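In what follows, a single structure is set out as structure tokens and then discussed.
Worth saying up front: this structure is predicted, and the values here are computed from it rather than measured. Residue numbers start from 1 in every chain, and the chains themselves are labelled A, B, ... in the order their sequence lines are given, proteins ahead of strands. Only this structure's heavy atoms are used, side chains among them; waters, hydrogens and symmetry mates stay out.
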2 protein chains.
Amino acid sequence: MTESSLRDKKKLATRKALAEAAFELAVERGVDSFVVEDIVTKAGYSRRTFANYFSCKEEAIANSLGLDEYLQPVDQFEFSPKDHTPLSTIEVFIRRSFTINKLKRLNQLISLSREHPTLRLYVTGALKEMQDFAGRGISEEYGSDYPPEYYHILIGAVFGAILPVLDESFDVNLPDDEEQIENSNEFNQYMDTVFAHLRKGFS
Amino acid sequence: MTESSLRDKKKLATRKALAEAAFELAVERGVDSFVVEDIVTKAGYSRRTFANYFSCKEEAIANSLGLDEYLQPVDQFEFSPKDHTPLSTIEVFIRRSFTINKLKRLNQLISLSREHPTLRLYVTGALKEMQDFAGRGISEEYGSDYPPEYYHILIGAVFGAILPVLDESFDVNLPDDEEQIENSNEFNQYMDTVFAHLRKGFS
DNA sequence: AGAAACATTGCTCTTTGTGCAATTTCGTGA
DNA sequence: TCACGAAATTGCACAAAGAGCAATGTTTCT
């Protein structure tokens, strides 16, 4: 299912290596104090190869979020929450996908992009890919149980609510202590209120 | 209020001229069959001036949507719908902002960006600016009547619901007949269901 | 093992991005 | 009204990016 030949694994590996090198350089030196050349020397590839994977350094930095890891397990949606409604399913998907490490990385990316419009664009673009993925998953899962727009609206609402808060004053607020319980951070508390609002409706 | 000295007007004019030239070239020749040089000769400016306004041709094309026109009248929010709730206010704002002409242009842009990831990024970026603008407006309007996240969630939901449909199979479906009633197009019908869902809540 | 498919790379050339300085245009106060 | 300061436009020059092409090395499939 996962379609991972050795060739594909290597492709993902180089992609990840390049993205990670780009991200580290961005943190160490600042976004516009290094060039593509620096990335490839750090990662051990050629400038031409970089161009095969990313169109610019901002794209590479943003992709260090590791979308690939979300996009692999299409069966995230297999397991159903108790009530098996689209909203609950999405809720579970969100809480599983935004792990502490992802949130940390996301926070760094948003902080980096605060003064870099282009990077910001690519970061939100990466999140939008995740949104599309979730959209496809959920509408396959529930098929024609709901009108087709329903899924768009719901997914759009959930992701639309996530982004603005994330890039404005939000902090995951977890120390380097990895043993912390996944569900007891600011993000999850915020998501509580998001889903509560979505269930209740707006006025 | 509108802060438009003659100098500012000229700035907006050149900006608009450049963006419009870029858009027309994109439609005529296709997005990657022309260069910045072509844009500036068409618009009558220098390459260096182009760089003062846009960072790349995609940004120029996307900005032909004419965000500026949204961003001017901050008092869009002044007038209140009957029930004066955030949702209704946003609804009115949306319906007023997405005029037929805007929707047509948006459709063309989305169609152009279908095969051009970079352009797509800038188009969604432009819409996100509009979203931020709406967010600022609405939270100024209602202040602390609602918890601060409420506005983010609501605006995020509305705009989040708009984007996916717009770039997937959506067509404004209005001929060149400008006299058509603004409220009787597919977009407005879709927005009807969006707001209905948001009022009702999700399950 | 051999052939086909594909990733990586070097090379080259066009296009882009940007700092700096010069010039022109606009705004403001005497 | 005039002249001075502010800001927009432009040219120039150079570093960097983007992309086609062909060569080379690696994986896959039979």
Side-chain angles (χ1 to χ4, degrees), chain A residues 1-22 25-26 29-63 68 113 115-122 125, chain B residues 1-22 25-26 29-63 68 113 115-122 125:
Chain A
M1 140 129 287
T2 29
E3 170 65 65
S4 56
S5 54
L6 188 116
R7 191 172 266 166
D8 290 336
K9 275 182 197 163
K10 281 202 167 184
K11 273 190 78 168
L12 279 194
T14 52
R15 187 181 176 82
K16 198 176 188 72
L18 288 169
E20 198 60 27
L25 283 171
R29 303 192 200 172
V31 176
D32 35 33
S33 297
F34 66 98
V35 294
V36 174
E37 182 67 40
D38 298 325
I39 303 177
V40 297
T41 42
K42 176 158 190 162
Y45 290 92
S46 77
R47 201 168 72 81
R48 190 62 187 79
T49 297
F50 179 89
N52 289 336
Y53 285 91
F54 304 104
S55 68
C56 60
K57 63 179 180 180
E58 284 87 358
E59 187 177 354
I61 299 172
N63 273 283
D68 329 356
S113 53
E115 301 296 329
H116 293 270
T118 309
L119 177 56
R120 165 177 297 261
L121 224 50
Y122 281 95
Chain B
M1 139 130 289
T2 28
E3 171 63 67
S4 55
S5 55
L6 189 119
R7 192 169 262 166
D8 290 335
K9 276 182 197 162
K10 281 205 167 185
K11 272 190 77 168
L12 279 195
T14 52
R15 187 182 176 82
K16 199 176 188 69
L18 289 169
E20 199 59 27
L25 283 171
R29 304 193 200 171
V31 177
D32 35 34
S33 298
F34 67 98
V35 294
V36 174
E37 182 69 39
D38 299 323
I39 303 177
V40 297
T41 41
K42 175 159 190 161
Y45 290 92
S46 75
R47 201 170 71 84
R48 190 62 186 80
T49 298
F50 178 89
N52 288 337
Y53 286 90
F54 304 105
S55 69
C56 59
K57 61 179 180 179
E58 284 86 359
E59 187 177 355
I61 300 173
N63 273 284
D68 329 356
S113 52
E115 301 296 329
H116 293 271
T118 310
L119 177 56
R120 163 178 300 262
L121 225 50
Y122 280 95

Exercise for review: Have a look at B/Ala51 and say if it touches a base, only the backbone sugar-phosphate, or nothing, with a 4.0 Å heavy-atom cut-off.
Suggested key: base
Point to revise | Atom-to-atom span, CZ of A/Arg7 to P of C/dA4 - whole angstrom | key: 14 Å
Point to revise | Nearest listed nucleotide, side chain of A/Thr49, among D/dA7, C/dT18, C/dT9 | key: C/dT9
Check your understanding: Do you know which two heavy atoms are closest between B/Ala21 and B/Lys42, and how far apart they sit?
Key -> CB-CG, 4.0 Å
Review point. Is B/Arg29 salt-bridged to B/Asp38, going by a charged N under 4.0 Å from an acidic O?
Key: yes
Point to revise | Closest to the B/Lys11 side chain, choosing from D/dA8, C/dT16, D/dA19 | key: D/dA8
Review point. Roughly, in whole Å, what's the span from CZ in B/Phe50 to C1' in C/dT15?
Key: 12 Å
Exercise for review: Whole angstrom is fine here: how far is it from CG in A/Leu18 over to P in C/dT9?
Suggested key: 9 Å
Review point. Whole Å only: how far is the CG atom of B/Asp32 from the P atom of D/dA19?
Key: 9 Å
**Study point:** Closest-nucleotide ordering on DNA chain D, the 5'-leading residue of A/Phe34 and A/Arg48
**Key:** A/Phe34
Practice item. Return no unless some side-chain N or O of A/Thr14 is found under 4.0 Å from OP1 or OP2 of C/dT8. Key: yes
Check your understanding: Which nucleotide, C/dT16, D/dG18, C/dT8, lies nearest any side-chain atom of B/Val36?
Key -> C/dT16
Review point. In whole angstrom, what separates B/Phe54's CZ from C/dT15's C1'?
Key: 19 Å
Review point. With a 4.5 Å limit on heavy-atom distance, are the side chains of B/Leu121 and B/Glu58 in contact?
Key: no
Revision key, fill the gap. A/Asp8 atom CG is separated from D/dC29 atom P, nearest whole Å, by 10 Å
Check your understanding: How many Å lie between CD on B/Glu37 and P on D/dG11, as a whole number?
Key -> 10 Å
Exercise for review: Give a yes or no answer on whether the side chain of B/Lys57 reaches the backbone of B/Ala26 with a donor-acceptor pair at less than 3.5 Å.
Suggested key: no
Review point. Side chains of A/Tyr122 and A/Cys56: closer than 4.5 Å at any heavy-atom pair?
Key: yes
**Study point:** Distance below 4.0 Å between A/Tyr53 side-chain N/O and C/dA7 OP1 or OP2
**Key:** no
Check your understanding: To the nearest angstrom, how far is B/Lys57 atom NZ from C/dT14 atom P?
Key -> 17 Å
Review point. According to a strict under-4.0 Å criterion, is A/Ser46 in side-chain N/O contact with OP1 or OP2 of C/dT9?
Key: yes
Review point. Taking OP1 and OP2 of D/dT27, is either one under 4.0 Å from a side-chain nitrogen or oxygen of A/Lys10?
Key: yes
